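Along the sequence shown, residues carry numbers from 1. The basis for the numbers below is simple: all heavy atoms, side chains too, and nothing from hydrogens, waters or symmetry mates. Remember, it's a predicted structure, so these values are computed and weren't measured experimentally.
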Amino acid sequence: ATVNAVDDNWNLVSSVTHTIAITSSDASATLPPSAALVGGTQRYSVIFNTAQSNPPGWTATATDQSGSPLTSGTSASIAIAAADGQGAIVLTPATVVAGSSGNALAFTFTVPTGGFLDASALTLAIPTGWTAPQVSDTIASGYVTTSGTCTGTSAALDGLDARKIVVSMPTACAAGRTVTITYGADTSPGTKVTARTNAGTATFIAQSRSGGGSFVALKTNPSTEVVAGVASKLVFTTQPATAAATTAWPVAVTVQDVNGNTVTTDTRSVTVGMTGQASSSMSCASRATSAASAGSAPGFVAVRLTSGFPR
């Protein structure tokens, strides 16, 4: 902000070198130290740290600290808020078992510096493969609630996308306060949230809007790691369609859960056998499915078979 010493007709009085102090109607504002005018003018840095829209904005006041003070001056009101798309959101738990039910996912959004104005909002898109979200039945799966230190929040589903949760924030919320979206807040007989069946990183798209702005995606979206379930089966993931007699066959066996995900934590030993003509012979070596096995990864075993099958 620039402060000028002026006469009754608003002309700059360049001879004034009085020391000026700056105060603010925002009690949390970061204020500059007092400083003298140079040539009747000086620039001061004021940072408003609290969102304010009702009344509309904050003001700064310049007060003369000299023995013959000039009349104080107050700025016009300035509406303060964080920009659309700002804020951070964190998802817990960090891991979910593929295809499992009974999960409750908590997305905690922290309001950024500057705060949010009245009528702000968040959105959270639930990917396909997960339980559809809903806000109407507390004992049905996928029920969504909101909580936190921002007051009056509520959840609804987007009118054009039933898998998108919209959280309304009707009143201004200061920086550092939180909104938690709990997806899977239902009670029995609801089964909360059933995770997708394929392992890997699951990302949920989140957006924020400050006041009457526009929804903008957050810089970092919340995610959880979907991990394989209990080992259920062995699957040949590499094998030859045909092979010559007495030659080595490359064969790979993978330990999978019921959904076909590799169980990377499984280290059991696997024995590979062969069925076929009675006169055939085969030699192979069993190998534990661990990363210690050369050329393999956890949950995966690579062996080579030598067959006596005739051509």
task: Carefully, step by step, assess Gln65 and Thr19 under the rule side chain to side chain donor-acceptor pair (under 3.5 Å).
output: CA-CA 5 Å; Gln65 303 294 290; Thr19 297; over 6 Å; no
Between [X] and [Y], do the side chains contain an N or O donor and an N or O acceptor separated by less than 3.5 Å?
| X | Y | result |
| --- | --- | --- |
| Ser141 | Thr131 | no |
| Thr138 | Asp186 | no |
| Ser66 | Asp64 | yes |
| Thr74 | Thr61 | yes |
| Thr171 | Thr151 | yes |
| Ser223 | Thr203 | no |

- request: Could you walk me through whether Thr110 and Thr178 pass side chain to side chain donor-acceptor pair (under 3.5 Å), step by step?
  value: CA-CA 5 Å; Thr110 301; Thr178 61; over 6 Å; no
pair Leu105-Thr92: side-chain heavy atoms closer than 4.5 Å: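 SC-SC contact between Leu105 and Thr92 ruled out.
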Trace of the side-chain contact (heavy atoms from CB on, under 4.5 Å) decision for Gln207 with Leu218: CA-CA 5 Å; Gln207 301 174 312; Leu218 302 186; 5.9 Å; no
- request: Decide side-chain contact (heavy atoms from CB on, under 4.5 Å) for Leu124 and Val167; before the verdict, give the C-alpha distance in whole Å, the side-chain angles of both, and the deciding distance to 0.1 Å.
  value: CA-CA 8 Å; Leu124 178 68; Val167 176; over 6 Å; no
message: Looking at every heavy atom in both Ala162 and Leu157, which two are closest together, and how far apart are they?
response: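 Closest pair (atom of Ala162, atom of Leu157, distance): O-CD1, 3.6 Å.
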task: Please test Asn4 against Thr41 for side chain to side chain donor-acceptor pair (under 3.5 Å), starting from the C-alpha separation and ending with a verdict.
output: CA-CA 4 Å; Asn4 293 327; Thr41 187; 2.5 Å; yes
task: Look at the aromatic rings of Tyr183 and Phe107 and report parallel, tilted or perpendicular, splitting at 30° and 60°.
output: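 Tilted.
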Give a yes or no on whether the backbone of [Y] and the side-chain of [X] come within a donor-acceptor separation of less than 3.5 Å.
| X | Y | result |
| --- | --- | --- |
| Thr262 | Thr264 | no |
| Asn11 | Val6 | no |
| Asp84 | Ser214 | yes |
| Thr224 | Ala94 | yes |

query: Can Thr59 and Ser75 be said to form a side chain to side chain donor-acceptor pair (under 3.5 Å), step by step?
result: CA-CA 5 Å; Thr59 59; Ser75 70; 5.1 Å; no
message: What verdict does the side-chain contact (heavy atoms from CB on, under 4.5 Å) test give for Ser120 and Arg209, after you've listed the backbone C-alpha separation in whole Å, the side-chain angles of each residue and the deciding distance to 0.1 Å?
response: CA-CA 5 Å; Ser120 295; Arg209 183 193 73 197; 5.8 Å; no
query: After noting the C-alpha distance and the side-chain angles of Ile20 and Tyr44, does the key distance pass the side-chain contact (heavy atoms from CB on, under 4.5 Å) rule?
result: CA-CA 10 Å; Ile20 306 298; Tyr44 302 87; 3.2 Å; yes
message: Any salt bridge linking Arg163 with Asp161? Criterion: basic side-chain nitrogen under 4.0 Å from a carboxylate oxygen.
response: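 Not counted as a salt bridge, because no side-chain N and carboxylate O are separated by less than 4.0 Å.
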